[in-house]
Structures are given as structure tokens and as C-alpha cells.
Amino acid sequence: MDNAAIADVFDEMAQLLEFRGENPFRIRAYTNGSKAIRELDESVAAILADPERDLSKVPGIGKTLAEKSKVLVETGSLPQLETLRKEIPEVVIQMARIPGLGAKKAVKLQQELALESLGDLRKACHEDKISSLKGFGAKTQAAILDGLSIAEAAAARIYWCDADELAASIGRHMESCKVISKMQWAGSYRRGRETVGDLDLLVVADDHAAVMDHLEAYHSHSQTIVRGDTKISIRVGKSFQVDMRVVEADQFGAALQYFTGSQAHNIHTRRLAKEQGLKINEYGVFQLDDESRVAGSTEQDVYAAIGLPWIAPELREDRREFEAAASGTLPELIETEDVIGDLHMHTNATDGTATIREMADAAIARGLQYIAITDHSKRVSMAMGLDEKRLREQWKAIDEIRSEYDGRLTILKGIECDILERGGMDLADDCLAEADWVLASIHYGQKQPRDQITERILGAIENPHVSCIAHPTGRLINRRPPYDVDMDAVMTAAKKHGTFMELNANPARLDLNDLHLAAAKRMGIPIVISTDAHSIDGLGVMQYGIKQARRGGLTKADVANTRPWSEWTK
DNA sequence: GCCGTTTTCGGCCCGACTGTTTTCAGTCG
Ligand SMILES: Nc1nc2c(ncn2[C@H]2C[C@H](O)[C@@H](COP(=O)(O)OP(=O)(O)OP(=O)(O)O)O2)c(=O)[nH]1
Ligand SMILES: [Mg+2]
Ligand SMILES: [Mg+2]
Ligand SMILES: [Zn+2]
């Protein structure tokens, strides 16, 4: 069992324990343990296998969680989880997706009314069976009925790029609100997470009610979930939520720090403050003894008050940013403008829509200095992948137009060569040897067992003609899980053989992810951020890759395609 | 359940909003 699977078990334990009314701190211990294991850069199995090592030395993992991890690695399941799954009816978990209905109320309703499905709950509302229960009333019953569709929809988190569009649209609407003096998006959107659960907007204004009225008017079908004096939550579309917090100008920094999160980052920040005799909330930084305010108008002030430099939002996940901030080793994160080459794109020779020239012109327009044309190889027949003959013809065509682009753009002769299901490369070595740039990637046999698929990728890494492994884990966010590949082994081999690893910037891929990127950086493996464009517009996804790279703590120096092609050493 | 330059026990971030509460629990950010 790999770390992610163990972490999933602890997350599920935490969720189920909540429905049993457990001590909230015990529940958080499971959540913290899950996070610690998910973000660990070596495998739990490897630590357990080494008698010199002790898993319970990992912060957040004590005797109990270490023991449970051991059981999971050895047997693949956890008896305590199986017991909890039997004990907690599935329907209460679904019920808790209704806004305002949490674990305690869900359990009470389920027990009192013997509910077995959300349909039963809807029926109970219609038959007016809830308003008479102790602790419930007419309003609660109405709110449940209202929120049932959200629970039934069970909507997934949306891609960052889609959140970006919605944020722009809401932003344009809010701009016409004259009482707003300052406005800033916060939450996971500001942190650049690959998916966003809801949007969080921070606003400075004197007239709170007017701003809230304005937000409510964003969409004729938007609904207000909660609304008070300082915050409001609305629902736009089917179930997507937008939260807005309204504060005074001198609270802006503290409020932005609070609202940007993450939750774990906030908890850590506030604990550090407390240790220094201070208190941080969304209104400012205060002395614990006399409540006097010491900071809060800017984020910089808030962090400075606890002796830290400003921390970039992308790093605020309570991973290692506090360590780095305290020691003055926060990375200077890469920016989109730093990227001057793009080494993964397709043309209409395979499944792209544009010609080489069109891609080249679009790359110049985007300020790039070099590109590699990397169409599919023959095994990818659905995309009309190239055999050696067609590929050499394409390279000849590139040779012929190179002079046209002299001094403006270097066009590299590349290929995205399939790693065959039985292992080995789809194209002959003598052909690959003639390329400037060879991507290797998996398209078939994605569900092969761990050893087999890992061996295939290791084989590609060991091939001296392979420059880079493209979309190394194969995941499609919200759609397809990653290959069951041993990434420790892959990264170790990549380091040994000097093979680059791709960060595929397609917003559905973002592969490698932030955690892998951070691990790769620590190992000294250079990253290439590529668009995998299939059209000229496809070159525009670079910005999403940059977000993910920043979350991984990458600097300009960590990313190879920030350097001129002439300086590349291979 | 985890943790420890004051602690091996007793804390664990801090506050807004809602409903049915007569003083606060539950839920959420
Ligand atoms: N101090 C503190 N702040 C919190 C807590 N929960 C949320 N926040 C802050 C930090 C979050 O980033 C911010 C927005 O909350 P959200 O629930 O929208 O979370 P976030 O945007 O991080 O992730 P999301 O993609 O929306 O699930 O509010 C909490 O328990 N304590
Ligand atoms: Mg959010
Ligand atoms: Mg939110
Ligand atoms: Zn591709």
C-alpha cells in the first residue's frame, strides 16, 4: 500500500469518527496523520522495512498511527476502518453534504427517522416529520429541503482554470459596485491549487450590506446560503459556492492572510503567534495580555509580527514553508515570463490542429525562443502517430523552414515516443538518436500492476536517447487516477541517468503534481514545464503549469526551459 | 491521537452565523 492509499484510509477514519461524535482533537490527529503521510517524500513501506528507522518519529505520527500504517502495509486493510464502515450508515455521509447539516444532526435525523437514503430524507421533509424533532424546527427542515439538491449533486471540485474564468466574471460584476475600495480573491484559488472547492472573495468597504446586495445580484439564479454582518455565502449555478468577507481597510492584511489559508497554514501561524504571546485572527495581530493591536494592515506586517518574512500563497499548505521562512530559505518562485521554451506540442501531422509554421508563429507571439515539435509515435494509431519514415519527413520539413526562423525561434526536432505495453520504445533507436529532443510517455496499458508499469518507465529512463518522461503519472484530474507507479524508483532513476521530468501544464493533467515537484527539486532532478499543445491556443496553458511549479517551490533555476537552448547540457 | 528549552498531563486556532437556545451547540470559514 502506498502513502496516498494509507493517507486516504486515515482521512476516511477521521470522517467516520466524526459521525461517532469522537473527540475533535482525536479526529484532527487522524487528519494530521493523513497529511503527514501524504506529503512524506519517502514510502512508508520503506521506512517500516528499515529496522533503523521509526515511523513514529515523523511529526504527526505517533505510536497508534504508526502501528496502523504497519497493518495497512502488511495486510492492505485496517480492521478499525472496516468496523467503522459497518457502524456508520452511508446515508449520513451523504446527508452531511447538505449545507448547515453536519455530523451530529445527520446522525440524529438518521436514527430518529430510520432514514436509508436521501430520498427518505426528502420524504420526511415533505411529511413535516423533522420540524417537530427536539433541536430541529421549521427553518431547519426548510433548509434541509433546500440543500438536498446540493447533496444529491455531490459536485466535484473544479479545475483552477475554470475557477479563474468564474472569478473573472464575478470580478467584472463586482467592479461596478461603487462602495468597494479594495477587492482580492483568496482561498485555494489564490494559492493556485489544481482544483478549487469554492471561491473566496475579500472586500474592503464601509457599507457591508451594499456589497452583499451586489454579490447577491451577480446571477439571477444565485441563492444566499448564509448572510451576516461581515460574511456571506452564495450559491451560483447548480451548487458552486462563493464566500465573501467584508472588512475595514486597516484589517485587510490580517483578513487576507486568514482568508487565503490554507486552514493548516492558519493553524500553524496562530500557534506560532501564541507561543510568542500574540494572537492572530482575521482582524489583526494582538498582544495576548492587553489585547493591544500590533499588526494587520498588510500580510507582510502579519508575518513580520511573528518574526517571519512574507510567504507566497502557493506555499501556504503547512508543508515546509515555516521551516524555510524561519531560516530565510524561502524559494524565489518561478514566473510565467521566465519560461522561454516549450518542449511538448503536436501538429496536424498527428492529433494537433495546426501546422509547424502556425505553432512556430504562435510560439514567437508568446515570447518563446525555442520549441520542440513532439508528435505522437506510430503505436498511438488513434492520433495517426508517426512511424520512422513519416517522422524523418517531418524533420526534413523542419530543416527546410529553420532558416526562416533564424534568430527568432529555434525549432527542435522532437517526438513523443510511446513506451510500449511490453516495455521498450515504439521507434527504433537509430531514429531516436537523430532527434534533438525525445519525450517518452505511456498511452496504453495504464492499468498494469505496479512492478510492470514501473519497469516500463525505468526502461525508458535508462534509454540514452530519451530526454524526458512526459506526464509521468498519467493522471487526469477528476477523471482518471495515476498509474500505480513507484515514483521513488522513477525519480531515483531519473536522477541517475540525467533524464528530465515533465510538468505537463494541461490543466487536466498538471503532472507531475506539486508534491512530486517538491520531491524532484530536493533530489536535484531538473523539471521541464510543457504545454502539450494540440493547437495554437494550447500554448496558453503554460500559466497553469507555472502555478503548480510554484506550489512545488520551484525557482527559475529548477526549471530547465527557462534557459536558452544553447546552454542545455544533455 | 499527538506532543513537550517551563509540561508525560492537559492542551490542541479563532471567530461568524443560525436556530431554538433561555445561554449555546452545531456548523462552517
Ligand atoms: N483559521 C482558520 N481559517 C480557516 C478555517 N477554515 C477555513 N479557513 C480559512 C482558510 C481557507 O483557505 C479560507 C477559505 O476556506 P475554504 O473552506 O473555502 O477553503 P479553501 O479555499 O482553502 O479550499 P477549497 O478549495 O475552497 O476547499 O478560510 C479554520 O478552521 N480556521
Ligand atoms: Mg475556498
Ligand atoms: Mg470558502
Ligand atoms: Zn503529447
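What you see is a predicted model; the values in this text were computed from it and never measured. Numbers restart at 1 for each chain; the letters A, B, ... are given by sequence-line order, proteins then strands.
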A:Lys68 NZ/CZ over A:Phe10 ring centroid, <6.0 Å and within 45° of normal: no
List in chain and number order the residues that pass side-chain hydrogen bond (donor to acceptor under 3.5 Å, both in side chains) with A:Asp198, two or more places apart in sequence or in another chain; answer none if no residue qualifies. none
Whole-Å distance, A:His268 NE2 to B:dC2 P, equals 19 Å
Below the 4.0 Å mark, does B:dG15 have OP1 or OP2 next to a side-chain nitrogen or oxygen of A:Lys279? yes
Calculate the interatomic distance between A:Lys57 atom NZ and B:dC2 atom P; express it in whole Å. 13 Å
If you take the centroid of each ring, where Trp contributes its six-membered ring, are A:His214 and A:His173 closer together than 6.0 Å? yes
Measuring only the P atom in each nucleotide, how far is B:dG19 from B:dC13? A whole number of Å is fine. 28 Å
What is the distance from CD1 of A:Ile232 to P of B:dC17, rounded to the nearest Å? 11 Å
Could you tell me whether A:Ile61 contacts a base, only the sugar-phosphate backbone, or nothing, with contacts defined as non-hydrogen atoms closer than 4.0 Å? sugar-phosphate
Salt bridge A:Glu82-A:Lys86, side-chain N to carboxylate O under 4.0 Å: no
Does A:Arg227 pair with A:Glu216 as a salt bridge, N-O distance under 4.0 Å? yes
Rounded to whole Å, the CD1-P distance (A:Ile306 to B:dC13) equals 14 Å
Under-4.0 Å salt bridge between A:Glu299 and A:Arg316: yes
Presence of salt bridge, A:Arg522 and A:Asp41, under 4.0 angstrom: yes
Within the structure shown, what part of the strands sits under 4.0 Å from A:Pro59 by heavy-atom distance: base, sugar-phosphate, or nothing? sugar-phosphate
Residue met sooner reading DNA chain B from 5', once A:Asn281 and A:Gly102 are mapped to nucleotides: A:Asn281
Please give the distance between the P atoms of B:dG26 and B:dT22 as a whole number of Å. 15 Å
For A:Leu510 versus A:Arg475, what's the shortest heavy-atom pair and its separation? O-NH2, 2.7 Å
Hey, what are the protein-to-nucleotides 7-12 of chain B N/O distances that come in under 3.5 Å?
unit_1	atom_1	unit_2	atom_2	d
B:dC12	OP1	A:Lys274	NZ	2.5

What's A:Gln241 touching, base or sugar-phosphate or nothing? Going by heavy atoms closer than 4.0 Å. sugar-phosphate
For B:dA16, does either OP1 or OP2 sit under 4.0 Å from a side-chain N or O belonging to A:Tyr283? yes
Side-chain N or O of A:Thr269 versus OP1/OP2 of B:dC13: is the shortest distance under 4.0 Å? no
Whole Å only: how far is the CD atom of A:Glu282 from the P atom of B:dC28? 18 Å
What is the distance, to the nearest angstrom, from the CD1 atom on A:Ile280 to the P atom on B:dC13? 13 Å
Does a donor on one side chain sit under 3.5 Å from an acceptor on the other, for A:Arg157 and A:Thr195? yes
P-based separation of B:dG11 from B:dA16 [nearest Å]: 24 Å
Picking from B:dT18, B:dG29, B:dC13, which would you name as closest to the side chain of A:Arg270? B:dC13
Taken to the nearest whole Å, CD/A:Glu18 to C1'/B:dC28 is 11 Å
Both A:Gly62 and A:Ser233 contact DNA chain B. Taking the nearest nucleotide for each, which residue is further toward the 5' end? A:Gly62
Are any protein N/O atoms closer than 3.5 Å to N/O atoms in nucleotides 19-23 of chain B? If there are, list each pair with its distance.
unit_1	atom_1	unit_2	atom_2	d
B:dG19	O3'	A:Thr140	OG1	3.4
B:dT20	OP1	A:Gly137	N	2.4
B:dT20	OP1	A:Thr140	OG1	3.2

B:dC14 and B:dT20, which share atom name C1', separated by this distance in whole Å: 25 Å
Looking across every strand, which nucleic acid part, if any, lies under 4.0 Å from A:Gly60 by heavy atom: base, sugar-phosphate, or nothing? sugar-phosphate
Whole-angstrom distance between B:dT8 and B:dC3, as gauged at atom C1': 9 Å
Tell which nucleotide pairs with B:dA25, taking only Watson-Crick or G-U wobble pairs whose two distances are both under 3.5 angstrom. B:dT18
Between NZ of A:Lys63 and P of B:dC2 the distance, given in whole Å, is 9 Å
State, without any angle test, whether A:Thr269 and A:Asn266 hold a side-chain donor-acceptor pair at a distance under 3.5 Å. no
If you check the A:Ala29 side chain, which of B:dC13, B:dC2, B:dA16 turns out closest? B:dC2
For A:Gln548 and A:Glu194, test the side chains for any donor-to-acceptor distance below 3.5 angstrom and give the result as yes or no. yes
Go through the N and O atoms of the side chain of A:Tyr258 and the base of B:dG29, and report whether any donor-acceptor pair is under 3.5 Å. yes
